[in-house]
Amino acid sequence: MIRSKSERAFEWVCIAVATLLLIACLYPLLYTFFVSLCSEAEWTERQGLLLFLPSRPTFAAYGKIFGVGSYVLKSLFMSLARTLVGTVISLALTAILGYALTIDFPGKKQYIYFLLFTIFFSGGLIPNYLVIKQIGLVNNFWSLILPNLINAWNALVFKQFFSGIPKEMQEAARIDGAGEFRLFWNIMLPLSKPVIASIGLFTMVFHWNSWFDVMIYIDQSHSALWTLQYYIMINYNNLSQIDSTKLPNLATDGVSQQAVRMALTIVGLVPILCIYPFFQKFLKDGVYTGAVKG
């Protein structure tokens, strides 16, 4: 196919714009990595102006953050535990709810309206805290899991996806004697891998990046329950307020505080960045299909 000059020019313009957007999105991450490798002497010498890799890169900042009482490793483990437990339980319950909404039962329409209501309105911060306190979950690992067990939007996405599976397959399974649980486990779930992967990815990212609920429900005396993202936030904003007897801060010698903060940021980004590419291919098929079927 022969393209005209105007078509080729338009293609090159699109490539140039896409390249600029790529650089604009990628460079902040690269800059963060560059600064994390910068020594205190070079940081001072350049007065904080670092556009590329430092001339004398060092991994001292990473050595510092992993050597301060292993608090970074402990918070990293807590983030991994929260993400794994929260994602698995939330995904299971949300899928079950989504399947239940495909079955006719009294009050189904009103229940769906109730779910839609919770998408637009919530109880608020203070009522949520009072509920968590009354059931004894303050300073407890489960305070980070239970309030986020089921996402109404995700349940409706599951419901739409399940509704799009041919009824003939479900009827054939019932004729063969399959009950609802067996139908759900052996028929519906295996056909729903794209939407499971998509919702699973969203849930993982949510749990991995969450820090506000840690600040609300976990105090400093229970810092062993702090997640990595909250630990990073503390060291960015409230370093001077940390009780060094409870949680040693990251004041360092030979490495700038900025390099330590950037190293913490990289440590907080890498795990989820490594997982994301394996799920990305499911996003289009899972979420788009689940949203339009029904």
Side-chain angles (χ1 to χ4, degrees), residues 28-29 32 36 61 64-91 118-154 201-252 257-273 275:
L29 179 60
T32 301
S36 71
K64 293 289 185 181
I65 64 175
F66 285 113
V68 181
S70 299
Y71 275 95
V72 172
L73 287 176
K74 292 176 182 177
S75 62
L76 178 60
F77 172 77
M78 282 302 305
S79 287
L80 292 173
R82 173 186 179 168
T83 302
L84 178 62
V85 174
T87 300
V88 171
I89 298 178
S90 177
L91 202 56
T118 63
I119 293 176
F120 297 106
F121 303 97
S122 67
L125 178 60
I126 295 177
N128 285 338
Y129 177 81
L130 292 177
V131 169
I132 294 298
K133 184 177 181 180
Q134 287 297 319
I135 62 179
L137 289 181
V138 174
N139 294 320
N140 189 296
F141 172 76
W142 292 103
S143 65
L144 311 179
I145 304 297
L146 295 183
N148 306 298
L149 277 182
I150 296 180
N151 181 284
W153 174 261
N154 293 341
L201 175 61
F202 293 149
T203 307
M204 273 192 287
V205 172
F206 166 78
H207 278 289
W208 181 263
N209 288 334
S210 293
W211 60 267
F212 186 75
D213 51 358
V214 183
M215 181 179 69
I216 298 299
Y217 301 131
I218 312 295
D219 60 31
Q220 186 170 327
S221 63
H222 294 80
S223 59
L225 295 174
W226 285 1
T227 60
L228 180 61
Q229 299 301 334
Y230 183 62
Y231 183 75
I232 292 173
M233 190 277 296
I234 282 290
N235 280 280
Y236 260 86
N237 301 324
N238 302 309
L239 189 60
S240 62
Q241 299 178 17
I242 296 178
D243 183 354
S244 60
T245 62
K246 298 289 185 181
L247 183 67
N249 62 38
L250 294 178
T252 59
Q257 189 65 56
Q258 192 69 14
V260 173
R261 288 171 172 170
M262 293 302 181
L264 274 172
T265 303
I266 292 296
V267 172
L269 283 173
V270 168
I272 204 68
L273 285 180
I275 293 174

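Just so you know, residue 1 is the first one in the sequence shown, and it goes up from there.
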Counterpart residues, side-chain contact (heavy atoms from CB on, under 4.5 Å), relative to Val131 (two or more places apart):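 Val131: no side-chain contact (heavy atoms from CB on, under 4.5 Å) contacts found.
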
Contacts of type side-chain contact (heavy atoms from CB on, under 4.5 Å), residue Thr87, not counting sequence neighbours: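 Result, side-chain contact (heavy atoms from CB on, under 4.5 Å) vs Thr87: Thr83, Thr203, Met204, His207.
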
Minimum heavy-atom separation for [X] to [Y], with atom names?
X	Y	answer
Ile218	Asn139	CA-OD1, 3.4 Å
Val214	Leu225	CG1-O, 4.5 Å
Met78	Phe141	CE-CD1, 3.4 Å
Leu264	Ile232	O-CD1, 3.2 Å

Would you give the length of the straight line joining atom [atom1] of [X] to atom [atom2] of [Y], rounded to the nearest 0.5 angstrom?
X	Y	atom1	atom2	result
Leu29	Ile266	CG	CD1	5.0 Å
Ile275	Leu201	CD1	CG	8.5 Å
Phe120	Thr118	CZ	OG1	9.5 Å
Asn128	Leu125	CG	CG	7.0 Å

[X] side chain to [Y] backbone, donor-acceptor under 3.5 Å:
X	Y	answer
Trp208	Gly268	yes
Ser223	Asp219	no
Thr227	Ser79	no

Could you check if a side-chain atom of [X] sits within less than 4.5 angstrom of a side-chain atom of [Y], using non-hydrogen atoms only?
X	Y	result
Phe212	Met233	no
Tyr217	Leu137	no
Ile150	Ser90	no
Leu84	Val88	yes
Leu91	Asn154	no
Tyr129	Val138	yes
Asn148	Arg82	yes

